[in-house]
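What follows is one structure encoded as structure tokens, with my remarks underneath.
Keep in mind that what you see is a predicted model, and the values were worked out from it rather than measured.
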Amino acid sequence: MSDSKSTPIAPKHPYVHELHGDKRPDDYFWLRDRENPEVMAYLEAENAYTNAVMQTTESLQATLYEEMLSRIQEDDLSVPYRYGEYYYYTRTEAGKAYPIHCRKQGSLEAPEEILLDQNQLAEGHEYFSLGVFDVSPNHQLLAYATDTTGAERYTLFFLDLSTGQLYDERIPDTYVSFAWGNDNKTVFYTQVDEAHRPYKLFRHQLGQAIDTDQLVFHEADDAFFLGIDKTRSEAYLLLGLGSKITSEVHYLDANNPTGEFRPIRPRTTGIEYEVEHHTDSFYIVTNEAALNFKLMKAPVTKPSVENWETVIEHREDVFLMGVSAFVDHLVIYDREAGLPNIRVRKLSTHEEHTIAFPEPTYEVSESANPEFNTHTLRFGYTSLVTPGSIFDYDLDTQVRELKKQTPVLGGYDRTQYQSDRIQATAPDGSAVPLSLVYKVGVERTGQNPLLLTGYGSYGFSYPDSFSATRLALLDRGVVLAIAHIRGGSELGRKWYEDGKFLNKQNTFSDFIACAETLIAERWTSPEQLAISGGSAGGLLVGAVINQRPELFKAAIAQVPFVDVVTTILDTSLPLSATEWEEWGNPNDKAFYDYMKAYSPYDNVAAKNYPALLITAGLNDPRVAYWEPAKWTAKLRSLKTDSQVLLLKTNLGAGHGGASGRYERLKEIAFEYAFLLSQWGLSP
């Protein structure tokens, strides 16, 4: 396949960015104006071109879709969890794209009560997302919020579960944060500003007009997000305020929801903390004088910082990620040597043990644990070869019970697949972990098709988790690799700090080192190596194909954050002001020059590039559609190769792409067909 060298529409609104003496025309700035009919015509023309180029893979796409669908148990049931007198769960039905939320009272043998059917709510909408889903403390009312555009602006509803009737109030422009007061009538919700930032907390009395709602807190600092939560003990409401590097938490007795929130520790730039409640104490995870975080404790009667005492000291080699409190246990989540751990401390005896996991690479996470007065922890476990599994773990006897492993139909045999962890060496000598999964029997011939992915931003640790859809690639001999590069937190907080601000180039150099290692160790070759990444992972893809395009055969950049400098300078855009604490403030010349040196859009040049599939969402509030659109246009104008370049914009969705499970499978099948065609593995 060859690239269309058609010239994009001539710019109608040329824009010259002038900062620090830098005058550079942006020939594609006009693509930001979605109200301009020519912009929509341009996006539709790109979609038409993409569909035309991919027409030869339609049969392969259909095969992949049916293959992936055949591995899914369409009629399925989540593991019910107990909350009060009820067992709550979701189930799916064949042919229906969304879950159905249900419960049973008293026992699992009781009659089913359907609380909410997302399929009914989604009728008539191209996109649907459920945000808030929160049952009242007396289990008689349900608060839920819906988004039907992908713009992440939700409308909040209240449902009487005994009558099935909705309350009259509809609250627009809310976010996914919500909490009930213990009186079952006072609720707290957050609203978003024009930049999609949750910035106001309101108190609402159920059944009252929303114009009487009380503004509880207004966060004026554009760098801070606001959220509301309730402790597992149901004793306190917690108002959380956070930027990328600073936290502040206020608390309120949930039995007195009309009272005033009080701060635990006023914000100090660079100090982060989060709070968990247990009887007469708050447990506080903080990074104050503790790069990898430490655990503190304070009395609820006087929780200010001068009353904090140390429970777990800071450790250089262990990253403390969080704690969960139960009636007689503290569950501690940390990460050591790149792998996650669960440690259990019995509060009455101070005895501690670690839950062991058997595989060389894996992921664990806390599952639904709504009840405080319990000795059972529910957690999720998965690996690159083990499907998602839910365990109940007795915190006293240390016995675990597998409640469910996600079914993989078609006779999946995990012994036919192998996972490994190897290391690459970065230019500065740092050892970068690489996770691999492949079909047993694959040999290092130097010619294996290989898909390398990564993220490397915001401290996000890329999970080594199972994906049934990946089997479509593994069964065709493809090796899959995950690069655990700096900018994530796989090796602790320093691993994150060493991949942000003026160290951001480490993220890209680490990824390139991973690619070079895979080639040198004969896992693949530049003619067979493809890469992928989404959002900030799309920035990663864009940066490395500018820096070392010859290493890669093909690349997929999903909703890529590629116009870094221009976007972060424009504080009217969603998230831009908050991003200064991740990437740096480009008003500072040192940061401006550094960011401009790696920004994918700013560094497109007249040279050969890999084959590219770029995706966008028209309603995306996180990475605006025009970033991938502008990047595509500039690449078309400058690149010197004949490799295919495709832009696929979902005109009815946002950052996450299609919302229903069937449409999502079709998107994956499309991307896999692109890769397989580039590897020469299509029929």
Side-chain angles (χ1 to χ4, degrees), residues 292 315 317-321 332-344 353-367 379-391 393 398 400 402 405-406 408 412-426 430-445 448 450-456 460-471 473-475 477-486 488-492 495-496 510-511 513-524:
N292 271 337
R315 294 160 290 178
D317 57 345
V318 180
F319 177 40
L320 178 60
M321 297 185 292
I332 302 155
Y333 297 92
D334 59 35
R335 187 175 284 271
E336 186 175 8
L339 294 174
N341 298 310
I342 302 180
R343 308 185 198 274
V344 178
H353 68 271
T354 300
I355 303 176
F357 301 106
E359 297 182 85
T361 178
Y362 59 86
E363 193 66 32
V364 294
S365 59
E366 186 169 299
S367 189
F379 67 84
Y381 175 88
T382 182
S383 78
L384 292 171
V385 298
T386 302
S389 307
I390 300 295
F391 288 91
Y393 182 81
Q398 302 181 32
R400 74 184 80 181
L402 177 63
Q405 188 171 93
T406 301
V408 183
Y412 173 71
D413 179 359
R414 55 163 292 164
T415 66
Q416 297 301 305
Y417 303 86
Q418 184 168 336
S419 65
D420 289 327
R421 177 162 283 206
I422 63 174
Q423 288 186 338
T425 302
S430 297
V432 184
L434 261 168
S435 299
L436 301 176
V437 61
Y438 50 92
K439 191 82 178 281
V440 170
V442 168
E443 298 180 355
R444 285 189 279 169
T445 63
N448 298 311
L450 188 147
L451 176 61
L452 173 65
T453 190
Y455 191 76
F460 173 74
S461 298
Y462 205 113
D464 287 337
S465 54
F466 181 82
S467 168
T469 59
R470 287 194 199 127
L471 297 176
L473 296 180
L474 295 175
D475 289 347
V478 178
V479 178
L480 298 172
I482 299 170
H484 300 289
I485 50 185
R486 279 176 285 187
S489 295
E490 285 90 339
L491 297 181
W495 199 246
Y496 168 44
D510 286 0
F511 193 84
C514 288
E516 291 176 328
T517 296
L518 292 166
I519 293 167
E521 297 188 4
R522 297 184 59 78
W523 285 102
T524 190

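Distance check, rounded to the nearest 0.5 Å: CG of L474 to OG1 of T469 gives 9.5 Å. Annotation: the span from F466 atom CZ to L471 atom CG amounts to 4.5 Å, rounded to 0.5 Å. Atom CH2 of W523 is separated from atom CG of L452 by 13.0 Å, given to the nearest 0.5 angstrom. The distance from atom OG of S435 to atom CD of E490, rounded to the nearest 0.5 Å, is 8.5 Å. The CG atom of D334 sits 6.5 Å away from the CG atom of L320 when rounded to the nearest 0.5 Å. To the nearest 0.5 angstrom, M321 atom CE is 5.0 Å from R335 atom CZ.
When atom types are taken as modelled, the side chain of T524 and the backbone of N448 share a donor-acceptor pair closer than 3.5 angstrom. With hydrogens and angles disregarded, a donor-acceptor distance shorter than 3.5 Å links the side chain of Y362 to the backbone of P340. When atom types are taken as modelled, the side chain of T406 and the backbone of G388 share a donor-acceptor pair closer than 3.5 angstrom.
Partners of D420 under the salt bridge (Lys or Arg N to Asp or Glu O under 4.0 Å) rule, at least two apart in sequence or in another chain, do not exist in this structure. For W495, there are no ring pair (Phe, Tyr, Trp, His ring centres under 6.0 Å) partners two or more places apart in sequence or in a different chain. For Y462, there are no ring pair (Phe, Tyr, Trp, His ring centres under 6.0 Å) partners at least two apart in sequence or on another chain. Every residue two or more places apart in sequence or in another chain that forms a side chain to side chain contact (heavy atoms under 4.5 Å, CB included) with S367 is listed here: R378, I390. R400 pairs by the salt bridge (Lys or Arg N to Asp or Glu O under 4.0 Å) definition with nothing, not counting sequence neighbours. Residues that satisfy the salt bridge (Lys or Arg N to Asp or Glu O under 4.0 Å) test with R421, not counting sequence neighbours, are D464. Residues passing the side chain to side chain contact (heavy atoms under 4.5 Å, CB included) test with S419 are P360, T361, L384, V385, sequence neighbours excluded. In this structure, the ring pair (Phe, Tyr, Trp, His ring centres under 6.0 Å) partners of Y417, at least two apart in sequence or on a different chain, are Y412. Listed by chain and residue number, nothing satisfies the side chain to side chain donor-acceptor pair (under 3.5 Å) test with Q416 (two or more places apart in sequence, or in another chain). In this structure, the side chain to side chain contact (heavy atoms under 4.5 Å, CB included) partners of N292, at least two apart in sequence or on a different chain, are H314, F319, R493. Partners of E516 under the side chain to side chain contact (heavy atoms under 4.5 Å, CB included) rule, at least two apart in sequence or in another chain, are I512, R548, L551. Judged as a side chain to side chain donor-acceptor pair (under 3.5 Å), and not counting sequence neighbours, the contacts of Y496 are K500, E582.
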**Message:** Could you go through I355 and Q398, starting from their C-alpha distance and side-chain angles, then the distance that decides it, and tell me whether this counts as side-chain contact (heavy atoms from CB on, under 4.5 Å)?
**Reply:** CA-CA 8 Å; I355 303 176; Q398 302 181 32; over 6 Å; no
**Message:** For S430 and R486: C-alpha separation, side-chain torsions, deciding distance, then whether side-chain hydrogen bond (donor to acceptor under 3.5 Å, both in side chains) applies.
**Reply:** CA-CA 10 Å; S430 297; R486 279 176 285 187; 3.2 Å; yes
* To do: Take E363 and Y381 through the test side-chain hydrogen bond (donor to acceptor under 3.5 Å, both in side chains) and record every step on the way to the result.
  => CA-CA 6 Å; E363 193 66 32; Y381 175 88; over 6 Å; no
**OP:** Using the side-chain contact (heavy atoms from CB on, under 4.5 Å) rule, take V478 and L450 through it: C-alpha gap first, then chi angles, then the decisive distance, then the call.
**Re:** CA-CA 5 Å; V478 178; L450 188 147; 5.7 Å; no
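Scanning both residues, R414 and E359, for their nearest heavy atoms gives NH2-OE1, 3.1 Å. Counting all heavy atoms, side chain and backbone alike, V442 lies closest to G477 at CG2-O, 4.5 Å. Between L436 and A481 the shortest heavy-atom distance is CD2-CB, 3.3 Å. The minimum heavy-atom distance linking V408 with P387 is given by the pair CG2-CG, 3.8 Å. The two residues A513 and A424 make their nearest non-hydrogen contact at O-CB, 3.7 Å. When all heavy atoms are compared, the tightest approach of V432 to A426 is CG2-CB, 4.1 Å.
A heavy-atom distance below 4.5 Å is found between the side chains of P433 and L491. Between N341 and I332, every side-chain heavy-atom pair lies at or beyond the 4.5 Å cut-off. For the pair R470 and L480, the minimum side-chain heavy-atom distance is below 4.5 Å.
No side-chain donor from either of T445 and R522 sits under 3.5 Å from a side-chain acceptor of the other. In this structure, a donor-acceptor pair under 3.5 Å is absent between the side chains of H484 and S461.
Of the options V479, D475, L473, a side chain to side chain contact (heavy atoms under 4.5 Å, CB included) to K439 is made by D475 and by none of the others.
Note: F379 and F357 have perpendicular aromatic rings, judged against thresholds of 30 and 60 degrees for the angle between ring planes.
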